[in-house]
Amino acid sequence: MIDFDALAERLDSAACHAEPLAQLSATRAFSLEEAYEIQRASMERRVHRGETMIGVKLGFTSRAKMIQMGVDSLIWGWLTDTMLEEDGARVALERFIHPRVEPEVCYLTSRDIDCPLTALEASRYLEAVAPAMEIIDSRYRDFRFTLEDVIADNCSSAGLVVGPWSRDFAHLRNAGVIMRVDGRIVQTGSTAAILGNPLRSVVQASRLVSESGMVLRAGSLIMAGAATAAHPLVAGTHVHCTIAGLGSTEFTTSRKS
Ligand code: OOG
Ligand code: MG
């Protein structure tokens, strides 16, 4: 039997102390189902500490991300309140191990989701959409992992910044995405890179959450997954992401102390 709590504790402690650890799968292989059990146990630790669940994130919804990380399946994890940064925030990097940033689309739900939705239904469960960036930070050494490892590690979730909300869902099918660091373009792409249309991430989130017997409460965030590969985050820089027709979001990283 796998001791889910013990493995969750190791990942949680790596996150709390910003200390990388070896891939869990190097010691003992485990299945995808077991990986989600470890993820769930690590989320329970966070909730026990007082963190609140604010939504879910999808990962590997774009080819660019799958290629960058060498994996080929959609994954999902949880977002908590301590991960959320204000738009325009100054983000301290000390709490991360080797953070990266990636441009995303974030949805806000208007109703509880407890069953798989079709694309047509999905938009009726949405309140708003916003340009966003995710800060990912693998707890594994060298940012290297198997699919099972990264799922256990709550899909590298570490932070997110969400821009202004709007209700313009339709044109997001193929909107240009530009991410800049200190004014220099570091990634460009299209929201079409996210499952062909980021609304499909809502469909997938509804399926994954309901299949695991959970409910995504009204007012939750759904991070649709990165439109491009991720970019390393360094101290003392300004990071800006624009999605055509939707708006932009930004943050700065504090200088090394
Ligand atoms: C896993 C998380 C993937 C995305 O948007 O595709 C992800 C990772 O790359 O470490 O968040
Ligand atoms: Mg992401």
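Indexing begins at 1, ligand by ligand and atom by atom, following the structure's order.
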So which N/O/S atom does [X] have closest to the Mg ion (ligand 2)?
X      : answer
Glu102 : OE2
Glu104 : OE2
Glu134 : OE1

Next on the checklist: With a 4.0 Å cut-off on N to O distance, would you call Arg139 and Glu9 a salt bridge?
Outcome noted: no
Regarding [X] and [Y], is there a side-chain donor-to-acceptor distance under 3.5 Å anywhere?
X      : Y      : result
Asp182 : Thr237 : no
Ser42  : Asp12  : no
Glu127 : Ser110 : no
Ser25  : Glu148 : no

Item to check | Any side-chain heavy-atom pair of Ser220 and Val56 under 4.5 Å | outcome: no
Under 3.5 Å: N or O atoms of ligand 1 paired with protein N or O:
unit_1	atom_1	unit_2	atom_2	d
ligand 1	5 (O)	Glu102	OE2	2.8
ligand 1	5 (O)	Glu104	OE2	3.0
ligand 1	5 (O)	Ala226	N	2.8
ligand 1	6 (O)	Phe60	N	2.8
ligand 1	9 (O)	Lys65	NZ	2.8
ligand 1	10 (O)	Ser156	OG	2.7
ligand 1	11 (O)	Lys57	NZ	2.7
ligand 1	11 (O)	Glu102	OE2	2.9
ligand 1	11 (O)	Glu134	OE1	3.0

Checklist entry - Do Arg100 and Phe143 meet the cation-pi criteria used here (NZ or CZ under 6.0 Å from the six-membered ring centre, within 45° of the axis)? => result yes
